[in-house]
Amino acid sequence: MIQDIQLVCSPEEAASYQKHLPLFARQAGVSPNQINSIQLLNRSIDARSRNIKVNLGGRLFIDEEIQPREILKPDYKDVSSAKRILIIGCGPAGMFAAMRCIELGLKPIVIERGKDVKSRRRDLKAINRDHTVNPESNYCFGEGGAGTYSDGKLYTRSKKRGSVKRVLDILVNHGAVEDILVDAHPHIGTNKLPKVVENMRETILHFGGEIHFDTRMDDLILKGNRITGIRTQNGDVVDGEALILATGHSARDVFELLHRHKIDIEAKPFAMGVRVEHSQELIDKIQYHGQERGDLLPAASYKLVEQVQDRGVYSFCMCPGGFIVPAATAGNELVVNGMSPSKRDNKFANSGIVVAIELSDLRKYSKHGPLAGLAFQQETEQAIWKAGGSDQTAPAQRLTDFVKGRTSSTLNDCSYMPGLHSSPMHDILPSHIGDRLRQAFPKFGQKMRGYYTEDANIVGIESRTSSPVRIPRKRDTLQHPQIDNLFPCAEGAGYAGGIVSAGIDGENCAEAVLSYLSN
């Protein structure tokens, strides 16, 4: 007999097979000796009370031969001579689109402006150590996209857009641990994800796809309402039957290219703010009600939201046991983001705390049309860069000083490797962002006692939460309304917000391409 059981147990019981075996057996009404194996199905922490519990789901093999976990293994085909599909961008959307194309019998031609995942490391080291930003290879651009070296979180709410399990299964097939199929908030980690990305690349190449690194799309070749190919920065022409545009939220030149060709794009709401960093020990004590975390509980995370002056102020990309990293894509801009290694064992916890930006906030930039949000974003990043000293040193302030409007005489230790410069962030940030943040932080402190403290830093600026531009597409066919064979995809086009949702959208676009070609 095979039986699925849900259990509520202590962290100690959840961590030990010998301890949770009798609990599962009792719930199933059988002897522990009858259970040949327990396959974990789901796991989540319930820390709402001092009596912390773990919700544990298991599949019990009772007097039954153990069966392996059901993990999808796609049927990839040799597409060496198949129809060529251009995919611009080798982030999660582009890679999942490419692998789905191979399943469907189409040949993906992936164009990536950045470097392969290993070569990117040298450029990331240069940002952190030398303050040198390579505009083509950085935390945003390169194989695997922004998620590869900025955390690798896999949690998504996009349940209706496609199969989350399918995306997770494919990641497991390429080297991710099976825990991501179990945990409520799965996470691969920045130290583990590069190898998974390499394995995905090998799948694409092995079955006849192509990936071109250090290759930037500089122009589109249009014939009527169709794209016949692209022109690279070297003047080379690459042809294809359709184009999946999966460039991510930071490829500003792509938005400008579309606008120049009078291909419809539109400004969309987004969010901007700061990174706030506490000690992980403090966040653990707040979230675990003063208890020591020990080895059985994960580094605690949090989620906060508050309405201030008709705008949402909320936590974004919270990184327990993580680092703040420099995520600029140009040398005269400063952007920060967060990441965590797989063990989440760094001594700091950081999170974006951001303010919703509505189109009504961008009237000053209306001359830029659909690029208004992009212009505001860029101008603010350049101002922050100057405030930090015109390099990748980040302007920062103690949290309480920021709220009280005074420059910090000293700053707390911080994980941000290029370094911090004490700055009056309360004056530097645009007022409609800074004022709302200053009102929100004390309210967050009421929700999480100890959160609002002088022992935390704010570091600016967190500005790449999502694309400030949406590239429209038809709801049913995913085609651009003007260009029949252009398929705007994932985060850069305004249709995804993370690794899993981007992967799902990439697969959906590949399927839409096949439907278009079939018709």
Side-chain angles (χ1 to χ4, degrees), residues 4 6 39-46 54-59 68-76 87 89-104 144-148 150-190 192-193 196-197 199-200 203-204 244 246 248-249 298 301 303 316-319 340 342 465-466 473 475 478 487-512:
D4 291 353
Q6 289 293 321
Q39 186 182 94
L40 294 184
L41 300 176
N42 53 73
R43 178 173 49 214
S44 63
I45 306 291
D46 184 349
V54 178
N55 300 308
L56 203 61
R59 176 161 293 161
R69 189 185 298 277
E70 294 179 3
I71 299 176
L72 170 76
K73 295 190 183 298
D75 180 21
Y76 297 118
I87 299 174
C90 196
M95 298 193 90
F96 275 92
M99 290 191 296
R100 186 67 178 133
C101 278
I102 291 170
E103 279 187 85
L104 299 172
T148 301
S150 56
D151 208 62
K153 281 191 282 291
L154 302 176
Y155 178 66
T156 181
R157 296 186 185 90
S158 302
K159 311 296 184 186
K160 296 182 180 178
R161 298 182 185 177
S163 172
V164 172
K165 184 180 183 303
R166 176 184 163 85
V167 168
L168 298 181
D169 283 353
I170 290 171
L171 290 171
V172 169
N173 286 334
H174 289 87
V177 295
E178 289 192 17
D179 281 357
I180 68 172
L181 305 176
V182 175
D183 290 329
H185 288 79
H187 173 249
I188 295 179
T190 301
K192 298 265 183 89
L193 194 51
V196 176
V197 168
N199 293 339
M200 292 170 70
T203 292
I204 294 168
I244 296 174
H249 57 43
S301 63
K303 182 179 179 182
F316 170 82
C317 185
M318 195 272 148
C319 299
S340 296
S342 58
T465 58
S466 66
R473 68 186 188 188
R475 184 181 295 271
L478 307 188
F487 295 82
C489 184
E491 196 157 1
Y495 301 103
I499 292 172
V500 172
S501 59
I504 290 171
D505 204 55
E507 291 206 328
N508 290 343
C509 284
E511 292 164 9

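On a predicted model such as this, the values are computed, not experimentally measured, just so you know. The chain is numbered in sequence order, starting from 1.
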Practice problem: Taking all non-hydrogen atoms of both residues into account, name the closest pair between Ala510 and Leu104 and its distance. | Solution: O-CD1, 3.7 Å

Quiz prompt | Distance-only side-chain donor-acceptor flag, His187 / Ser342, under 3.5 Å | solution = no

Quiz prompt | Student check: side-chain heavy atoms of Ile204 and Ile102 closer than 4.5 Å | solution = yes

Self-check item: Considering all heavy atoms, the nearest Cys101-Ile87 contact
Solution: SG-CD1, 4.4 Å

Exercise. Walk me through it: do Lys73 and Asp169 pass the test salt bridge (Lys or Arg N to Asp or Glu O under 4.0 Å)?
Key: CA-CA 8 Å; Lys73 295 190 183 298; Asp169 283 353; over 6 Å; no

Quiz item: Stepwise, does the side chain to side chain contact (heavy atoms under 4.5 Å, CB included) test hold for Ser340 with Lys153?
Solution: CA-CA 9 Å; Ser340 296; Lys153 281 191 282 291; 5.6 Å; no

Quiz item: Under the side chain to side chain contact (heavy atoms under 4.5 Å, CB included) criterion, do Arg166 and Glu507 qualify, and how do the steps go?
Solution: CA-CA 10 Å; Arg166 176 184 163 85; Glu507 291 206 328; 2.6 Å; yes

Practice problem: Quick one: pull up NE2 in His174 and OG1 in Thr203 and give me the separation to the nearest 0.5 Å. | Solution: 3.0 Å

Exercise. Identify the residue among Leu72, Ile71, Val196, Val167 that makes a side-chain contact (heavy atoms from CB on, under 4.5 Å) with Val172.
Key: Ile71

Quiz prompt | Side-chain donor/acceptor of Asp505 to backbone N/O of Cys489, under 3.5 Å | solution = no

Exercise. Show the numbers, then the answer: is there a side chain to side chain contact (heavy atoms under 4.5 Å, CB included) between Leu193 and Ile499?
Key: CA-CA 11 Å; Leu193 194 51; Ile499 292 172; 4.0 Å; yes

Quiz item: Run the side chain to side chain contact (heavy atoms under 4.5 Å, CB included) check on Leu40 and Leu56 step by step: do they pass?
Solution: CA-CA 7 Å; Leu40 294 184; Leu56 203 61; 4.0 Å; yes

Quiz item: When rounded to the nearest 0.5 angstrom, what distance separates NZ in Lys165 from CD1 in Ile170?
Solution: 10.5 Å

Quiz item: If you look at every heavy atom in His249 and Ser466, which pair is closest and at what distance?
Solution: CB-C, 3.9 Å

Quiz item: How close do Gly145 and Pro92 get, heavy atom to heavy atom, and via which atoms?
Solution: CA-CD, 4.5 Å

Exercise. With the side chain counted from C-beta on, respond yes when Ile188 and Leu171 share a heavy-atom pair under 4.5 Å apart, and no when they do not.
Key: yes

Quiz item: How many angstroms lie between CG in Leu41 and CZ in Arg59, if you round to the nearest 0.5 Å?
Solution: 5.0 Å

Quiz item: For Phe487, is the NZ or CZ atom of Arg473 found under 6.0 angstrom from the centre of its six-membered ring and inside 45 degrees of the ring axis?
Solution: no

Quiz prompt | NZ-CD1 distance between Lys192 and Ile180, expressed to the nearest 0.5 angstrom | solution = 11.5 Å

Quiz item: Quick one: does Val54's side chain get under 4.5 Å of Arg43's, heavy atoms only?
Solution: yes

Let me have the donor-acceptor pairs involving side chains of residues 93-100, under 3.5 Å, with sequence neighbours excluded, atom names and distances please.
from: Arg100; atom 1: NE; to: Glu511; atom 2: OE2; distance (Å): 2.9
from: Arg100; atom 1: NH1; to: Glu103; atom 2: OE1; distance (Å): 3.2
from: Arg100; atom 1: NH1; to: Glu103; atom 2: OE2; distance (Å): 3.4
from: Arg100; atom 1: NH2; to: Glu511; atom 2: OE2; distance (Å): 3.3

Quiz prompt | Spacing of CG belonging to Leu168 relative to CG belonging to Asp183, to within rounding of 0.5 Å | solution = 10.5 Å

